[in-house]
Amino acid sequence: MDVGETQKKLSRWAEQDRTHRFYDLYHLLYQDDWIRTAQKHVRPNAGSRTAGCDGVTMRDFEKDLEGNLYRLRKTLTEERFEPQPVRRTYIQEVKAGGRIKLRPLGIPDICDRIVQEALRMVLEPIWEADFCRHSYGFRPNRSTKDAVAYI
């Protein structure tokens with residue numbers, strides 16, 4: 001089944017019955033089309049050019065894309081997937097008055113980013129049904145500008 005169709009179905013079930021309990025969503029994570037779609041979503045992100053602790057960038061990952069996706073699906077299917085530690089780096093932020101502050105940034109490896117995206121793709125249509133239509137924080141197609149316009 002198509003990823004978009006599955007997401008619509010999850011959303012519809014969540015909207016029709018707010019008390020509905022979803023079981024066995026994990027199997028969606030390791031479906032071939034789901035993992036491929038997640039990888040395609042992660043690929044254009046500016047951070048995909050940055051390596052995690054394993055030193056692998058998206059360009060490196062795509063050198064053996066089929067093999068890497070197969071291994072990722074296999075570890076998910078066998079329930080052996082373990083997220084890796086993030087690479088910690090610090091970026092400079094210039095604050096008011098010219099004060100410079102270092103902000104910590106965690107950079108996960110490519111496989112972790114793909115699994116995180118696949119998980120977001122599963123959970124977002126379900127959780128969206130629970131949010132008030134006037135809730136704007138960290139939601140798709142909504143921004144602080146939308147919140148200000150509403151107010």
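Throughout, residue positions are numbered sequentially from 1 according to the sequence presented. Keep in mind that the numbers below use all heavy atoms, side chains included, and drop hydrogens, waters and symmetry copies.
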Is there side-chain contact between Glu5 and Lys8, with heavy atoms separated by less than 4.5 Å? yes
Between the CZ atom in Arg12 and the CD atom in Gln16, the distance rounded to the nearest 0.5 Å is 6.5 Å
Check: Is Leu10 linked to Leu123 within one hydrophobic cluster, defined over Ile, Leu, Val, Met, Phe, Trp and Tyr using a side-chain heavy-atom separation of less than 4.5 Å?
Finding: yes
* Same hydrophobic cluster for Tyr70 and Leu28, using side-chain heavy-atom links shorter than 4.5 Å among ILVMFWY? -> no
Is there a path of hydrophobic side-chain contacts, each under 4.5 Å between heavy atoms of I/L/V/M/F/W/Y residues, joining Val86 to Val42?
no
Close side-chain approach of Ile110 to Asn68, heavy-atom, < 4.5 Å = no
- Return yes if some donor-acceptor pair links the side-chain N/O of Arg87 with the main-chain N/O of Ala51 below 3.5 Å, else return no. yes
dist Arg103:CZ -> Thr89:OG1 (nearest 0.5 Å) comes out at 11.0 Å
* **Test item: Lys145 and Val148 side chains (from C-beta on) under 4.5 Å apart, heavy atoms** => no
Between Asp112 and Phe81 the two heavy atoms that sit nearest each other are OD1-CZ, 3.1 Å
**Asked** Taking the side chain as C-beta and beyond, is there a heavy-atom pair between Met121 and Val3 under 4.5 Å?
**Response** yes
When rounded to the nearest 0.5 Å, the distance separating OG1 of Thr77 from CG of Leu29 is 10.0 Å
Do Arg71 and Asp64 have side-chain heavy atoms sitting under 4.5 Å apart? yes
For this session: Indicate if Met58 and Ile107 have the same hydrophobic cluster label, given that clusters are the connected sets of ILVMFWY residues with side-chain heavy-atom separations under 4.5 angstrom.
Result: no
Item to check | Close side-chain approach of Thr6 and Asp33, heavy atoms under 4.5 Å | outcome: no
When every non-hydrogen atom of Gln84 is compared with those of Glu82, the smallest separation belongs to NE2-O, 2.9 Å
Residues Ile35 and Leu72: closest non-hydrogen pair is CD1-CD2, 4.2 Å
Honestly curious: do Leu105 and Val56 fall in one hydrophobic cluster under the side-chain, below-4.5 Å linking rule?
-> no
*asked:* With a 4.5 Å cut-off on side-chain heavy atoms, are Thr57 and Arg49 touching?
replied: no
Checking Gln39 against Glu62: is there a side-chain donor and acceptor pair closer than 3.5 Å? yes
Looking only at heavy atoms, the pair that brings Pro125 and Ala14 closest together is O-CB, 4.4 Å
**Message:** Within the supplied structure, the quantity of interest is the number of heavy atoms (other residues, nucleotides, ligands) at a distance under 6.0 Å from Gln92 CD; does it exceed 12?
**Reply:** no
Problem set entry | Backbone of Gly4 reached by a side-chain donor or acceptor of Asp2 within 3.5 Å | yes
Heavy-atom nearest pair, Pro85 first then Cys53, reads O-SG, 3.4 Å
Flag yes if more than 12 heavy atoms outside Arg59 fall under 6.0 Å of its CZ atom; otherwise flag no. no
- prompt: Yes or no on side chain to side chain contact (heavy atoms under 4.5 Å, CB included) for Thr37 and Lys40, after CA distance, side-chain angles and deciding distance?
  reply: CA-CA 5 Å; Thr37 302; Lys40 287 176 184 171; 5.6 Å; no
Glu79 vs Tyr30, side chain to side chain contact (heavy atoms under 4.5 Å, CB included): CA-CA, chis, key distance, verdict: CA-CA 10 Å; Glu79 298 182 11; Tyr30 55 78; over 6 Å; no
What one should report as the nearest heavy-atom pair of Arg113 and Gly52 is NH2-N, 4.0 Å
Note to self: Taking CZ in Arg36 as the centre, count heavy atoms belonging to other residues, nucleotides or ligands within less than 6.0 Å. Is the count above 12?
What the structure shows: yes
>> Between His27 and Trp34, is there a side-chain heavy-atom distance shorter than 4.5 Å?
In response: no
Taken to the nearest 0.5 Å, the spacing of Arg43 CZ from Glu117 CD works out to 14.5 Å
Test side chain to side chain contact (heavy atoms under 4.5 Å, CB included) applied to Leu76 and Gln31, step by step = CA-CA 10 Å; Leu76 287 166; Gln31 287 183 4; over 6 Å; no
